[in-house]
Amino acid sequence: MTLIGWIQIALFCLIIVALAAPVGGYMTRVFNGERTFLSPVLKPVEAGLYRLAGVDESTEQHWLTYTIAMLLFHVGGFFIIYLLMRWQEFLPFNPAGQSPVPPELSFNTAISFITNTNWQNYGGESTLSYLVQMLGLTHQNFLSAVTGIVLAVALIRGFARASAKTIGNFWVDITRCTLYILLPICVPYALFLIWQGMPQTLGAYVDATTLEGAKQTIAVGPVASQVAIKMLGTNGGGFFNANAAHPFENPTALTNFVQMLSILVLGAAMTNVFGRMVGNQRQGWAILAAMGVLFIAGVAVCYWAEANGTATLNVLGLAGGNMEGKEVRFGIVASALFAVVTTAASCGAVNAMHDSFTALGGMIPMINMQLGEIVVGGVGAGLYGMLMFVVITVFVAGLMVGRTPEYVGKKIEAKDVKMAMLAILILPLMMLGWTAIAVVYPPAVASIANAGPHGFSEVLYAYTSQAANNGSAFGGLTGNTPFYNVSGAIAMFVGRFWVIVPMMAIAGSLAAKRIVPPSLGTFPTTGGLFVGLLVGVILIVGGLTFFPALALGPIVEHLAMQAGSVF
């Protein structure tokens with residue numbers, strides 16, 4: 001570990017905190033339907049889209065109607081991606097002549113992209129045409145990201161409104177978020193990436209002659225436009241198989257830093273949106289502080305583990321930390337920070353192989369995902385996941401100290417806590433349940449490259465990543481098999497939508513309640529005590545649900561490697 005490394009981490013965190021308020025303020029105006037500096041240009045476009053779709057922007061929806069609209073919207077997205085992949089051989093913009101994608105892989109990929117997971121059991125440059133990458137994957141990168149944001153806004157409205165039967169209009173929310181937030185950022189962002197050396201072309205792959213005289217085909221394509229929303233929308237799903245470790249997806253140290261910033265900026269800003277919409281910005285800062293504590297702790301452990309290496313590496317005379325699988329261009333600190341950022345924010349766009357991290361270094365990304373990626377989390381999904389923990393924390397704290405379980409003026413009742421616990425416990429069911437099956441089912445075991453704790457971690461990481469809608473891969477596991485394609489798709493679907501439905505039920509329940517003014521019996525939720533209590537509840541819930549299984553892999557492997565044994 002070096003001073004320069006810590007300065008880089010500190011600078012990154014400071015920029016994210018500095019951007020939270022201005023970006024959050026702009027997003028609040030968008031979702032409140034207020035005028036913004038883009039309104040003169042985009043308002044006519046917005047109104048035209050409503051007329052074309054037959055949407056009345058003044059009509060709002062009940063939480064159940066809002067949820068059903070969202071689900072049907074993604075059913076349509078699933079069929080679009082699936083059919084594009086199955087028919088790509090006959091569609092245009094396929095200069096490499098890519099053949100149809102097999103049914104199980106198409107099914108897995110379509111589920112992956114509608115759930116904002118972007119898990120890849122394929123190599124993008126060797127499997128998909130330009131049309132599929134653009135119309136299927138890039139298009140869905142926008143829509144899955146915007147869905148997470150508007151669902152979080154719907155939940156915020158539940159906290160902010162009183163005696164209301166509606167929580168907004170799904171069609172209006174996704175239109176405004178796409179037009180006023182995602183597109184205005186992604187257009188200049190893509191141009192910046194092109195300037196830095198990222199390809200953006202519909203031309204054919206380039207044939208080159210190497211120094212040894214061999215022929216090499218260099219894959220190119222419309223990369224920058226996909227990477228921009230991939231990062232901003234915390235999607236993952238790289239144009240190339242190597243993702244952000246590929247020089248065409250991450251050309252320079254500047255693009256590496258900017259991509260990390262773009263992954264977290266909207267998620268952090270959503271906490272400020274919450275504070276503004278409930279009328280108390282300190283509430284938003286308290287939530288961001290809890291996220292920050294967990295994030296900085298994870299970065300510190302991961303950086304320490306990778307910078308110090310292991311006893312086995314030291315015996316081999318490999319000083320300078322664990323550089324295996326790292327981007328030499330960026331170094332250990334950038335790779336460690338990128339790993340924590342992507343798994344804290346539900347983005348699988350890794351710039352290093354997690355499989356080559358030390359046991360403890362690789363454990364941090366796994367913990368981030370198993371906690372529901374609330375640190376800072378995917379756009380929108382991180383906030384509504386954190387608010388589930390807030391509901392439980394306020395309820396438990398009220399019972400412990402004899403205070404009324406209230407949050408921002410809403411009484412937290414037993415039915416709200418039950419829905420929050422249901423949303424939280426869905427994840428361990430998918431992650432641990434499928435892992436238990438995979439390590440005893442012979443066809444699944446045959447896909448594991450390594451024996452012992454490391455092999456177990458490969459499987460656990462795969463289902464953790466998919467159920468948490470992250471999409472990063474630990475490596476070493478052959479995932480493109482019928483079992484892993486189907487089981488992984490189920491884990492991704494349940495991990496996304498079975499969490500959303502109880503969360504939306506809470507939104508509807510809260511919106512219907514009256515706002516109760518704070519009293520002497522109200523538990524304070526803006527100070528350091530609340531932040532510490534919230535972090536404690538998160539770690540306790542995580543410990544009870546995940547850590548016993550987690551210890552069978554990375555922790556056991558860490559102890560063995562320190563003893564000089566290699567699995």
Side-chain angles (χ1 to χ4, degrees), residues 105 108 112 117-123 236 238 241-243 245 302 305-306 310 312 322 324-326 335-336 339-340 342-343 348-370 373 427-428 430-492 495 546-561 565-567:
L105 181 56
N108 180 279
S112 174
T117 309
N118 311 99
W119 174 268
Q120 292 177 277
N121 277 336
Y122 63 89
N241 185 44
N243 235 282
C302 190
E306 297 306 306
T310 67
T312 303
N322 176 32
E324 172 63 25
K326 304 295 189 302
S335 293
V340 178
T342 54
T343 53
V350 294
N351 73 354
M353 287 298 294
H354 291 173
D355 186 53
S356 61
F357 273 48
T358 63
L360 293 185
M363 182 180 71
I364 296 303
M366 199 182 301
I367 290 176
N368 283 340
M369 294 185 293
Q370 289 178 343
E373 297 200 309
L427 295 181
M430 288 294 101
M431 296 173 186
L432 302 183
W434 282 115
T435 299
I437 295 172
V439 295
V440 297
Y441 182 54
V445 174
S447 295
I448 304 174
N450 300 286
H454 194 78
F456 176 82
S457 294
E458 291 174 1
V459 179
L460 180 60
Y461 193 100
Y463 286 111
T464 296
S465 176
Q466 291 175 92
N469 305 130
N470 175 269
S472 66
F474 200 70
L477 180 71
T478 303
N480 189 16
T481 66
F483 173 80
Y484 281 108
N485 277 327
V486 174
S487 62
I490 295 172
M492 288 185 282
F546 291 116
F547 291 173
L550 190 63
L552 295 176
I555 294 177
V556 172
E557 184 180 359
H558 170 74
L559 296 174
M561 293 189 73
S565 173
V566 181
F567 287 101

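Keep in mind that the numbers below use all heavy atoms, side chains included, and drop hydrogens, waters and symmetry copies.
For the atom pair CE of M366 and CG of N470, the computed distance is 11.5 Å after rounding to the nearest 0.5 Å. Between T464 atom OG1 and L427 atom CG the span is 9.5 Å, to the nearest 0.5 Å. To the nearest 0.5 angstrom, Q466 atom CD is 11.0 Å from I490 atom CD1. We find the CH2-CG distance between W119 and N469 to be 12.5 Å, quoted to the nearest 0.5 Å. In this structure, M363 CE and Y461 OH are separated by 13.0 Å, a value rounded to the nearest 0.5 Å. Remark: E458 CD to T478 OG1 distance equals 9.0 Å, nearest 0.5 Å.
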Would you list the atom pairs, donor with acceptor, under 3.5 Å between side chains in residues 479-486 and any protein atom, with sequence neighbours excluded?
| residue | atom | partner | partner atom | Å |
| --- | --- | --- | --- | --- |
| N480 | OD1 | N485 | ND2 | 3.0 |
| T481 | OG1 | Y484 | N | 3.4 |
| Y484 | OH | A444 | O | 3.1 |
| N485 | OD1 | N121 | ND2 | 2.8 |
| N485 | ND2 | T481 | O | 3.3 |

Enumerate donor-acceptor pairs with a distance under 3.5 Å from any side-chain N or O in residues 433-441 to protein atoms, sequence neighbours excluded.
| residue | atom | partner | partner atom | Å |
| --- | --- | --- | --- | --- |
| T435 | OG1 | M431 | O | 2.6 |

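With contacts defined as side-chain heavy-atom distances shorter than 4.5 Å, the pair N108/M492 qualifies. Counting heavy atoms from C-beta outward, L477 and I448 have side chains that approach closer than 4.5 Å.
Checked by atom type and distance alone, the side chain of Q120 pairs as donor or acceptor with a backbone atom of G238 at under 3.5 Å.
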